[in-house]
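Below you'll find the structure, written out as structure tokens, and then a few comments.
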Amino acid sequence: MTLILGIETSCDECSASVIRYQAGSFIEVMGLATFSQTGIHRPYGGVVPEIASRNHLETVNPMIEEALREAEIRDRDIDAIAVTNRPGLAGALLVGVSSAKALAYALKKPLVAVHHLEGHAASIFIKRKLHDSTRTTERSAPATRSDPPLPLLLAIVSGGHTNLYVMKVLPELWPLDFLKRSLIGRSRDDAAGEAFDKTAKTLGFPYPGGVWIDKTAKTGNPNAFSLPRALPQKATYDFSFSGLKTAVALETAKLEKANLLESSLADLCASIQEAIVDALLSKIYLAARQHGCKSLAVVGGVAANSRLRKRLTSEWAAQGFLCEPLFPEREFCTDNAAMVAAAGAFRLIQGNAFRGDDLLTLNAIPNPEV
Ligand code: KG4
Ligand code: ZN
């Protein structure tokens with residue numbers, strides 16, 4: 001059994017987590033503390049990098065202390081520390097990386113550098129610990145994992161990425177460059193989360209708008225407005241969402257002029273959501289069929305979207321796939337340190353850790369090649 005402390009500060013979430021890892025089992029979250037800066041950035045309509053890093057400086061230690069406290073362990077009982085060191089905002093990454101280095105050096109523990117997207121990929125293997133008053137459940141062995149059949153189509157849909165990967169190996173064997181090797185499609189402009197956030201901003205919702213569109217769409221008609229789906233007929237697994245953004249801006253202006261925006265809001269949100277979900281699903285189905293994928297995992301902030309989860313759950317089998325689509329539990333879709341610790345566990349057992357003076361060489365890489 002390995003205990004890992006994970007630290008995530010790549011963007012506007014400051015998060016620390018303690019997880020328990022055992023080969024062949026689900027990753028069990030023992031403690032997780034996250035401070036979301038969304039309220040701080042809201043007046044600016046997006047993340048302000050300088051404000052993000054200054055805020056991480058204030059919150060990173062309290063988050064680490066809180067995660068350890070919830071896990072009921074002391075820092076010296078940790079087996080390794082994992083930190084997101086790429087990609088992300090330079091100053092924001094540096095706060096997490098510096099804290100992780102200082103802790104690992106002082107405690108003489110191995111340090112694992114994690115790619116943020118590997119963290120998202122690992123999130124499907126995470127389970128919350130069972131809060132049981134007798135505490136016996138917490139101490140029992142983590143639930144056995146039954147791995148999805150390979151190849152697995154992995155869709156990372158977040159605020160920064162909309163990427164499709166064909167994964168031919170299980171997580172413990174992920175080679176260092178698997179993200180580069182297995183990428184088959186990506187967004188040519190905005191990411192799916194950005195499409196949600198930018199169209200939501202046009203409609204007057206606060207940042208980040210994805211969750212507001214999701215909520216407001218619940219009472220709307222997804223076919224009320226005809227909005228563009230980019231690259232539908234093309235033999236590509238790439239996405240494009242910039243046309244949708246423009247179409248929504250034009251439609252909103254028209255409705256505002258006619259004083260109909262308020263009364264059409266639910267319909268417009270449902271139509272926007274449907275356009276994004278349609279675009280994601282059509283490429284997911286195409287890629288899964290053409291690459292002979294036997295399973296599917298959808299991860300990242302947009303994987304929390306209720307319409308995407310509902311449609312995939314009901315349509316995937318009808319598309320001829322036998323295995324249920326996999327989603328992370330909702331709280332592990334958006335950025336969190338449990339996923340970083342989980343990916344760190346997979347790296348650690350492959351021997352990809354820095355130790356001793358070597359760990360002082362670890363750096364933040366805002367724009368890695370992959
Ligand atoms: O993975 P994440 O926390 O950060 C990045 O790595 O980018 O994803 C954040 C994105 C935001 O664009 C947010 O609007 C979107 O995920 N998001 C949602 C929902 N919850 C979060 N989009 C649609 N529906 C949701 N329920
Ligand atoms: Zn993310």
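As the structure lists them, so they are numbered: ligands from 1, and atoms in each ligand from 1.
A cation-pi geometry, defined here as NZ or CZ lying under 6.0 Å from the six-membered ring centre and within 45° of its normal, does not hold between R188 and F239. Both tests do not hold together for K283 against Y237: distance to the six-membered ring centre under 6.0 Å, angle to the ring axis within 45°.
Of the protein's non-hydrogen atoms, D214 OD2, 2.9 Å is the one closest to atom 26 (N) of ligand 1.
Of all protein N/O/S atoms, those lying under 2.8 Å from the Zn ion (ligand 2) come to 3.
Of the candidates S306, P208, G301, the one placing a heavy atom closest to atom 20 (N) of ligand 1 is G301.
With a heavy-atom cut-off of 4.0 Å, H120 touches ligand 1 through its side chain alone. Contacts with ligand 1 closer than 4.0 Å are made by side-chain heavy atoms of D197 only, the backbone lying farther away.
Checked against a 3.5 angstrom limit, the closest N/O atoms of F196 and ligand 1 fall outside it. Ligand 1 has no N or O atom lying under 3.5 Å from any N or O atom of E13, backbone or side chain. Inclusion of G160 in the set of residues having an N or O under 3.5 Å from an N or O of ligand 1 is warranted.
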(request) Mind running side-chain contact (heavy atoms from CB on, under 4.5 Å) on I7 and V340 for me, showing each step along the way? (result) CA-CA 7 Å; I7 300 173; V340 176; over 6 Å; no
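Note that CG of N163 is 9.0 Å distant from CG of L154, once rounded to the nearest 0.5 Å.
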